[in-house]
Amino acid sequence: MDDPFVIAGAEFRSRLVLGTGGAASLQALERALEASGAELATVAMRRIDPSATGSILDVLERVGCRPLPNTAGCYTARDAVLTARLAREALETDWVKLEVIGDDRTLFPDAAELLDAAEQLVDDGFTVLPYTNDDPVLARRLESTGCAAVMPLGSPIGSGSGIRNPYNLRIIVEQAGVPVILDAGIGTASDATLAMELGCEAVLLASAVTRAQDPEMMGRAMRHAVEAGRLARRAGRIPRRLYAEASSGSDGLAEPAPAASEADR
Amino acid sequence: MDDPFVIAGAEFRSRLVLGTGGAASLQALERALEASGAELATVAMRRIDPSATGSILDVLERVGCRPLPNTAGCYTARDAVLTARLAREALETDWVKLEVIGDDRTLFPDAAELLDAAEQLVDDGFTVLPYTNDDPVLARRLESTGCAAVMPLGSPIGSGSGIRNPYNLRIIVEQAGVPVILDAGIGTASDATLAMELGCEAVLLASAVTRAQDPEMMGRAMRHAVEAGRLARRAGRIPRRLYAEASSGSDGLAEPAPAASEADR
Amino acid sequence: MDDPFVIAGAEFRSRLVLGTGGAASLQALERALEASGAELATVAMRRIDPSATGSILDVLERVGCRPLPNTAGCYTARDAVLTARLAREALETDWVKLEVIGDDRTLFPDAAELLDAAEQLVDDGFTVLPYTNDDPVLARRLESTGCAAVMPLGSPIGSGSGIRNPYNLRIIVEQAGVPVILDAGIGTASDATLAMELGCEAVLLASAVTRAQDPEMMGRAMRHAVEAGRLARRAGRIPRRLYAEASSGSDGLAEPAPAASEADR
Amino acid sequence: MDDPFVIAGAEFRSRLVLGTGGAASLQALERALEASGAELATVAMRRIDPSATGSILDVLERVGCRPLPNTAGCYTARDAVLTARLAREALETDWVKLEVIGDDRTLFPDAAELLDAAEQLVDDGFTVLPYTNDDPVLARRLESTGCAAVMPLGSPIGSGSGIRNPYNLRIIVEQAGVPVILDAGIGTASDATLAMELGCEAVLLASAVTRAQDPEMMGRAMRHAVEAGRLARRAGRIPRRLYAEASSGSDGLAEPAPAASEADR
Amino acid sequence: MIVVVNGAQREIADDATIADLVADLGRDPRLPGVAVAVHGEIVPRGEWQVTPLDAGQRVEVIGAAQGG
Amino acid sequence: MIVVVNGAQREIADDATIADLVADLGRDPRLPGVAVAVHGEIVPRGEWQVTPLDAGQRVEVIGAAQGG
Amino acid sequence: MIVVVNGAQREIADDATIADLVADLGRDPRLPGVAVAVHGEIVPRGEWQVTPLDAGQRVEVIGAAQGG
Amino acid sequence: MIVVVNGAQREIADDATIADLVADLGRDPRLPGVAVAVHGEIVPRGEWQVTPLDAGQRVEVIGAAQGG
């Protein structure tokens, strides 16, 4: 596979990770997932509903997506650890997207609880992919505990505001020894492209696709967006300049006959 | 063809227009063009060089690109009109990318000369695609003269600085009755994606690809970038919010047994 | 006078030029003008209203402000020139803020008409201060015609959106041989400060003050804002860095006794 | 005093807090402090140097500035607490600017250590002013521990990069019940003005003044900048619009005589 | 006689000069502040006292107003 | 007897095991997809067949849902 | 005789036409790709065969090049 | 005897108190501005006059400096 996305030894062709929340129906979700080309998708752990028809796991299996359980909704290390263990039992995976929320308006993580949970889960053998804020120090602490990636937010979950502080993201990427996955805040394709150009290894998004007016088309957009950003990063962009730099040389410009020129001007 | 790019009645599958300046060699250019999927590419008009081997027109023919002559290097309406007519003679096309430069550091257009040249060329039967600054008033004047598109710059030619004023671009798009093509300033993939999201019908770029460290890979990146932006525009993005909006509902969260909970915390 | 603002040989202590439109009353305007410290203020030329009480000219005289007539509302060079001449007759000044509008939604200038009007007025002996867009080429053309300053917009008149393209403004300042005055778009104090830091010699604003909730207080804010920006420009700011640069040296940090240290940690 | 800055019951006329690091000499610092009008200034705690001439405390006394000891250079809660206690002994103040650094390239705080130190110092009776990152959750945690203010960074210390994420700052201000002081990253006057407009109660900066080419002039610039931002915040700015909003009404525009008009155009 | 002043018909004395009209509009014609154009041509203040108006003429009387 | 399943009282057979409860909720207790905690302690799937429930116990039966 | 072709003097036959000159520069005058201007006036390709050149004339021979 | 003051060895009188050391370093021990820690424990200024030093002790004498 050319330029695979590798995380904890597993290889993926796609660098897009999809969250499955926010879709109008499982059918709409399935079409969006398929269009997006994602091979990894998060699921929440919730009390089962005996009356529900259809299963998110069946959808993921049909579209060839590995389920990545998360700890969405947990506000303490304790709850997050319990949720991760339930997920391991239920889904027979030791991968977990770790979320420990600190505030229900911003849904930003609680740094201290997050670190605590990460340590416990790493010790317990989990492959931990923590959702974190864009703090370079916290990102390094999480890496030190043995997390398999760090997943900084670009802006609040579901805010669609893209990457509010690309400088922090750039610093995190420069300092990281594990893959950096942009998680949260993506609103549209160019946000995802930019994340990849800044050096992220992958992008995780949900609402941008599931809540778009046409989720399937937006899924397709995101597949191209992530690919575009990855290729651009690898291709080596031109530098930014304040002034212009001609792309057409001026050698060999046609010269109007002087007489005519003087007369006309 | 689904969602073709239509300009003056001609349909294109690709919404990427490539400038051919800045490439290290015709070979490198050919690979980049092919990777980009472009179907329209600008060429400059210059005094022929009898010693040159290879021809830009042959390259364009091989990769299936229609040549679009430009008037690069012209500083007056008079020179630009002459150059356009030479191009029509040489290339048997009445399409022209009209450039009338006002300043060799910024390579910004000269508004008054540009309007004058556009009027003359439209009267003379040309399909005029003018490179313009991001001035909404000038864009409307150009449209009024009968130009087939307007092509505002994002930032100075070759500066790689992207779209410095997305507001003006948005205003131009809202007011335009002809296709808006972002021309100049693109530095990397996300710039092209953003241009499409803002409502441009196509993107024209040269240096971003031809001067990238790996032009072929960047050509590929740009193909995806333009596609991503177009699809995202059509798919209808989510709104931007200051605060978060949860994508995982909180209904059905597991509840740790109270006793355990109290003990642990 | 230390660091005076000089325009066409006239010296001003204040670098704030106030537009007088938009105020709730002449009384509110007078308080705002006084608080702002402005010594130059624009007035429009309109048909006199015999029933009006109070006069804008009396207000300006009381607060020590020189009136600067403008050609607001003119869409052609012809109208603007006539208006300027009426203003010269009425106010016995050959200074004029030249506006030639191209579009009533953006209120952006019409480049070609503006240039035409500027040439006529300069030839007729006026001291011409043209409101222009942020196009570096147009700014140079205006300077070449003999304008005493160039006054680029930051964003549309009354939009309160500040300086949408600081790069263009920086280029205009670098290339200008006459004072650059930021005209239009200022929304709040930091916009004015930024304009001065970018090298403008003065700032012209109206709605930001006259339509603020408390115009007098905003007038005061703007006086400080312009002063702050001017001083900062002259003082020579520190460079921008991606990473940190400690301001406290680490020499001489207290060292806890090793034993204590080991015990406590 | 009109609109005083109140922190832990103490009132200040000035909303500028100056760091004293980075100055070329005590003399230069004294002039800059005086020009800035600051009434509160941070000092580091370091091993005394018997050979030193002049004293920072004498300087502060002469210019009427209250010293605010900081814990600069501390990487653990333990070191920071010790430093704060030494400062209390030496300076007879229980105010402390709490810094617990997590990384020597970014000088960003370590969230967990910072919280720990804040708790200890609050318990020990200190008035704690913590330097924090721009994380809204951490800001609330610090407030909950009893800190007298929260002092988020705009960008890394000494980076001169201003406020990289104004959204986070806005959220912190909206959620805070104690004064928010922008601490770190200010590069020039407009950064300070913007911080105040976003609702900060004060601004703390060092390098922007002490390392400017002319520290005294930059001190003066900052005094105006903070005042401008505070007044603008209180004055209630106009809203931002995409399009224009005329400040000159169009009623009463002069009407050229029709005949002349037709002839000229 | 009737002239059109600032777009509205106005009755003035048959022998009225521009100075008379300006005074009639409440302005002192000897002081600055107002300019006058007749059929799009500006009449300098110095000529107002000696410039009669004719019936039907379109007169613009312009002054400074808040704006800009 | 009555146990509390996912926050709601539920009548089950007196000798019901966890496997019975899961089957009763419409899931095949031999297949992955569901996890069970009793009083906050996870019970591995391998033990469901042999783990009886007691009256009044709080049982959480958790599965994957859309989210995140 | 001598003509000035693209800014440089060039010796051509006294009876050379534009078509001859273009062929001499290595281009097939019957195919598109090149345009010719003499003293700033464009000469259409259809006339090249029958348009003689005169000594001293300034001739521009223009083709497509990379650019833009 | 020898103590370690701010990381460097220093010779002081055998019966020297902290107050003596501070004075020796050029500071008035009765005035604020300086704090002292011995082996990581802060000694309040009020005790300096009566606190003798022992040979080999690590003493930190800390004051305000430019910074932050």
Side-chain angles (χ1 to χ4, degrees), chain C residues 19 21-22 44-47 72-73 78-79 82-83 86 105-107 156-161 187-190 193-194 197 206-208 211-214 217-218 220-221 224-225 227-229 231-232 234-248 250 252-254 256 264-265, chain D residues 19 21-22 44-47 72-73 78-79 82-83 86 105-107 156-161 187-190 193-194 197 206-208 211-214 217-218 220-221 224-225 227-229 231-232 234-248 250 252-254 256 264-265:
Chain C
M45 300 310 296
R46 293 289 180 271
R47 288 164 167 181
R78 189 180 168 282
D79 284 358
L82 175 62
T83 301
L86 286 165
R105 286 192 70 199
T106 62
L107 297 181
I157 293 173
S159 72
S161 293
T188 184
S190 56
T193 307
L194 178 59
E197 288 169 347
S207 308
R211 292 195 166 121
Q213 284 169 39
D214 183 338
M217 191 177 285
M218 192 57 98
R220 201 139 59 92
H224 287 291
E227 185 75 9
L231 288 166
R234 291 169 66 208
R237 60 159 292 159
I238 57 172
R240 280 190 188 81
R241 290 185 168 85
L242 177 58
Y243 284 95
E245 178 100 350
S247 53
S248 309
S250 59
L253 272 169
D264 279 22
R265 287 188 197 189
Chain D
M45 300 310 297
R46 292 288 180 271
R47 288 163 167 182
R78 190 182 168 281
D79 285 358
L82 175 62
T83 301
L86 285 165
R105 286 191 71 199
T106 62
L107 298 181
I157 292 174
S159 72
S161 293
T188 184
S190 56
T193 307
L194 178 59
E197 288 169 349
S207 309
R211 292 196 166 119
Q213 284 170 39
D214 183 336
M217 191 176 286
M218 192 58 98
R220 200 138 58 91
H224 286 292
E227 184 76 10
L231 288 166
R234 292 170 64 206
R237 59 159 295 159
I238 56 172
R240 281 190 186 82
R241 291 185 168 85
L242 177 58
Y243 285 95
E245 178 99 351
S247 53
S248 309
S250 60
L253 272 168
D264 277 24
R265 287 190 197 187

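Residue numbers start from 1 in every chain, and the chains themselves are labelled A, B, ... in the order their sequence lines are given, proteins ahead of strands. Any value given below was found using the heavy atoms of this structure, including those in side chains, with hydrogens, waters and symmetry copies removed.
Each of D/G229, D/A212, D/G19 has some count of heavy-atom pairs under 4.5 Å with chain C, and the biggest count is that of D/A212.
For the pair C/A221 and D/A232, the tightest heavy-atom approach, listed with the atom from each and the gap, is CB-N, 3.6 Å. For the pair C/A189 and D/A228, the tightest heavy-atom approach, listed with the atom from each and the gap, is CB-O, 3.8 Å.
Remark: C/T193 OG1 to D/H224 NE2 distance equals 11.0 Å, nearest 0.5 Å. Summarising the geometry, atom CD belonging to C/E245 is positioned 11.0 Å from atom CD1 belonging to D/I157; distances are rounded to the nearest 0.5 Å. How far OG1 of C/T188 is from CZ of D/R240: 8.0 Å, rounded to the nearest 0.5 Å.
Side-chain atoms of D/R234 never come within 3.5 Å of backbone atoms of C/D214 as a donor-acceptor pair (strictly under, hydrogens ignored). A side-chain donor-acceptor contact under 3.5 Å links D/S161 to the backbone of C/R241. Checking side-chain atoms of C/S190 against main-chain N and O of D/S190 turns up no donor-acceptor pair under 3.5 Å.
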